[in-house]
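Shown below is the structure under consideration.
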Amino acid sequence: MGTTRTPLRRFMDYAVLSVLAFVFVLPVIYLFLGSLKPSDEVLDGLSGFLPTHLSFHNYSAVLDSLNSDSTGYFWRFMGISLLLAFVVVTGGLFVNSMAAYGLSRLKWRGREAVFTLVLLLMLVPFESVAVPLFYMFNDQRNTIYIQAIPFIANAFSVYQFHTFFRSIPPSIEEAARIDGAGPWRTFFAIIVPMSKPAFASVAILTFLIQWGSFLWPVLMVSDPSVRPLPLEMSVFQGQQPPDWGQILAFGVLLVLPVLVVFAFFQRWFVQGVASSAVKG
């Protein structure tokens, strides 16, 4: 039987959560303020939070410095990253959701063994297979598709979809079968519309992982014409002497698409988190 929280307990809960949220958001605040300040004022410790001498000069300097054939073009790097993220997210939603549906709702011999293998794959870090993958696909280096294809199928995404699909009452699919719907129609016309929270959660997490991907591009990309934005930021940061104001401005430009994606999917993402908490 649930217990009712007193106003004091509720106030203390919100106070603790507010303090934790503020602590976690501090680096983001520092990032935005630092991107608007001269380079010699960025590394001033806590005084870096003071909003003095703010301007957008660092942003224009970053865009101007990456606007030639010799340095590459900022918007090209951004476009490549967006294209890679789009391919991995959309392809992953299609492939992983269908795999999870087959593992969770369809009955076939060996289903449990395959799902166990999926769970075991979640324990294998990408770093342990990066070098074998590098030698397998060495002939496809410096291409856009090789930066996306290995990451479309994802064991953790399959597990997320599997967990959500198992919570859907079987009676819904039984009613669809009585109406003459096959597995394909049932999946696309019934299961997918009911699973928006799961799709939003997987889309956000997949986008975050792909957008910040660094190890694989380091191994597979040496041509600036197919270089994604995180890899270009490491090149930009390595220039001497480092201009920290411009580096933080580059960081803000790198973060903005993540905020846009989260703002677009956050309603369904919150629903998915809430429903998982209730089921737990």
Query raised in the report: How would you list all residue pairs meeting side chain to side chain donor-acceptor pair (under 3.5 Å) that involve residues 139-153, not counting sequence neighbours?
Result: Asn142-Ser222
Query raised in the report: Should we count OH of Tyr159 as having more than 12 external heavy atoms under 6.0 Å?
Result: no
Query raised in the report: Has Trp184 got more than 12 heavy atoms of other residues, nucleotides or ligands less than 6.0 Å from its CH2?
Result: no
Report task. Taking atom CZ of Phe126 as the centre, report whether more than 12 heavy atoms of other residues, nucleotides or ligands fall under 6.0 Å from it. Result -> yes
Query raised in the report: Does CZ in Arg185 sit with more than 12 non-hydrogen atoms of other residues, nucleotides or ligands closer than 6.0 Å?
Result: no
Query - Presence of salt bridge, Arg227 and Asp223, under 4.0 angstrom - result: no
Query raised in the report: Less than 6.0 Å separating the ring centroids of Tyr59 and Phe250?
Result: no
Query raised in the report: Any idea which heavy atoms bring Met233 and Ile247 closest together, and the distance?
Result: CE-O, 3.6 Å
Requested in this report: May I ask you to check whether over 12 heavy atoms, not counting those of Met12, lie within 6.0 Å of atom CE?
Outcome: no
**Report entry** For the student: nearest non-hydrogen atoms of Leu253 and Met78, plus distance
**Finding:** O-CE, 3.6 Å
Report task. Taking all non-hydrogen atoms of both residues into account, name the closest pair between Ala130 and Leu215 and its distance. Result -> CB-CD2, 4.1 Å
Query raised in the report: Are there more than 12 heavy atoms of other residues, nucleotides or ligands under 6.0 Å from atom CZ of Phe86?
Result: no
